[in-house]
Number of protein chains: 2
Amino acid sequence: MPTRTAAQRRAEARAAYDAFIAECPTRHLLDRIADKWVSLALAALAGGPMRYSELSRRLAGVSQKMLTQTLRNLERDGLVTRTVTPSVPVRVDYALTPLGENLAGLMRSVKEWAEAHMDDVLTARAAYDDATGAPGSG
Amino acid sequence: MPTRTAAQRRAEARAAYDAFIAECPTRHLLDRIADKWVSLALAALAGGPMRYSELSRRLAGVSQKMLTQTLRNLERDGLVTRTVTPSVPVRVDYALTPLGENLAGLMRSVKEWAEAHMDDVLTARAAYDDATGAPGSG
DNA sequence: CAGTATCCTATCGGATACTG
DNA sequence: CAGTATCCGATAGGATACTG
């Protein structure tokens, strides 16, 4: 039996990647970039290259583990470059690649959306909790 | 004792919210919206209102638990509305609020970014894994 | 300075079963 | 149809200690 019709093959070619499909690799990519530390790291680097310690301070409260893990993933995915200067002590600079800059702009918008609409969300939460009689700890 | 100086109060008023600060409530909000299921749900609803079962099918592979949890949070945060039609069987429609539409556009861009640059990322990963000799399972 | 390695707990999130 | 409730393994992610 035929596995795909011509129409299906055409549809596939047009769709290429679709994160709505569970098996699509973009689902994993979306999961990776839709992340608190990723958005903060990219937003920080959007202002220019930064050293590890600078990032650590800028992303207040981030653990070494998460910062390193986030930066490694971003590097592997081609979104940031890691430049080691073998001085003493060693100096490591992180910078956005062109690909990373592309996404950084987007993630900065998301971060700014959160900051701009915090009050609206807080109001909505209060109304919801009031209506449902929920504790509303957040 | 004075809790804040005039300078501090001015700085606060200007900064308002800043997700780079660990204690800022926007940090939690960012963590909530920077999420795979949130971005997919909002992206789906950007096309118009949808029933629970429609969303369940569109977000292929999502479990009832995660879909319901995601929608509840979005409702509580004032990003979507939930409309119950007490027919038999019951019918529930989800739609974006104006606030939700605002964010949905952004999250759709993120989803589309992932789909558009999947190949670039795949190439970068291959190069990274090749250079480091890593297994590169992803 | 810029990590790596290990431990450990909280939460994420799927599977399954049940309900109005 | 649109959920709720429960169980449970996977992993996210902080704390701490150590290293070139």
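Bear in mind the structure is a predicted one, so any value in this text is a computation, not a measurement.
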| task | Please tell me which of the listed nucleotides, C/dT4, D/dA2, D/dC1, lies nearest to the side chain of B/Tyr52? | result | D/dA2

| query | For DNA chain C, whose closest nucleotide is more 5', that of B/Gln64 or that of A/Arg72? | reply | A/Arg72

| task | Give the nucleotide from the list C/dA2, D/dG3, C/dG20 with an atom nearest to the side chain of B/Val90. | result | C/dG20

| Counting side-chain heavy atoms from C-beta on, which of D/dT4, D/dC1, C/dA2 comes nearest to B/Arg51? | D/dC1

| About how many Å separate CD of A/Glu54 and OH of A/Tyr94, when rounded to the nearest 0.5 Å? | 12.5 Å

| field | Residue-phosphate contact under 4.0 Å: B/Thr68 side-chain N/O, D/dG3 OP1/OP2 | value | no

| Rounded to whole angstrom units, what separation is found between the CE atom of A/Met50 and the P atom of C/dG3? | 14 Å

| remark: With the side chain defined as heavy atoms from C-beta on, B/Arg82 is closest, among C/dT4, C/dA2, D/dG3, to D/dG3

| message | Just the rounded figure in Å: distance from C1' of D/dT4 to CG of B/Leu67. | response | 14 Å

| remark: Output for pair (A/Phe20 CZ, A/Arg27 CZ), nearest 0.5 Å, gives 9.0 Å

| Whole-Å gap separating P (D/dC1) and CD (B/Glu54) | 11 Å

| query | So do the side chains of B/Asp77 and A/Arg125 get within less than 4.5 Å of each other, counting heavy atoms only? | reply | yes

Interface polar pairs with nucleotides 11-15 of chain D, N/O, under 3.5 angstrom:
{"unit_1": "D/dG13", "atom_1": "N7", "unit_2": "A/Lys65", "atom_2": "NZ", "d": "2.4"}
{"unit_1": "D/dG13", "atom_1": "O6", "unit_2": "A/Lys65", "atom_2": "NZ", "d": "3.1"}
{"unit_1": "D/dG14", "atom_1": "OP2", "unit_2": "A/Ser63", "atom_2": "OG", "d": "2.8"}
{"unit_1": "D/dG14", "atom_1": "O6", "unit_2": "A/Lys65", "atom_2": "NZ", "d": "2.7"}

| request: First locate atom CG of B/Leu79, then atom CE of B/Met107, and finally report the distance between them rounded to the nearest 0.5 Å. | output: 10.5 Å

| Can a salt bridge be assigned to the pair A/Arg76 and B/Asp129 using a cut-off of 4.0 Å between side-chain N and carboxylate O? | yes

| query | In Å, rounded to the nearest 0.5 Å, how long is the span from CG of B/Asn73 to CZ of B/Arg32? | reply | 3.5 Å

| Below 4.5 Å, heavy atoms only, C-beta onward: do B/Met118 and A/Leu29 meet side chain to side chain? | yes

| field | Nearest-angstrom distance from the residue atom CZ of A/Arg57 to P of C/dG3 | value | 14 Å

| Does the ring of A/Tyr17 carry B/Lys111 above it, NZ/CZ under 6.0 angstrom from centre and within 45° of its axis? | no

| said: If you compare every side-chain N and O of A/Tyr94 against the phosphate oxygens of C/dG3 (OP1, OP2), does one of them come in below 4.0 Å? | reply: yes

| query | Given the rule that a pair is Watson-Crick or G-U wobble with both distances under 3.5 Å, how would you write DNA chain C in dot-bracket, using | for pairs to a different strand? | reply | ||||||||||||||||||||

| Linking I/L/V/M/F/W/Y whenever any side-chain heavy atoms sit under 4.5 Å apart, do A/Ile21 and B/Val38 land together? | no

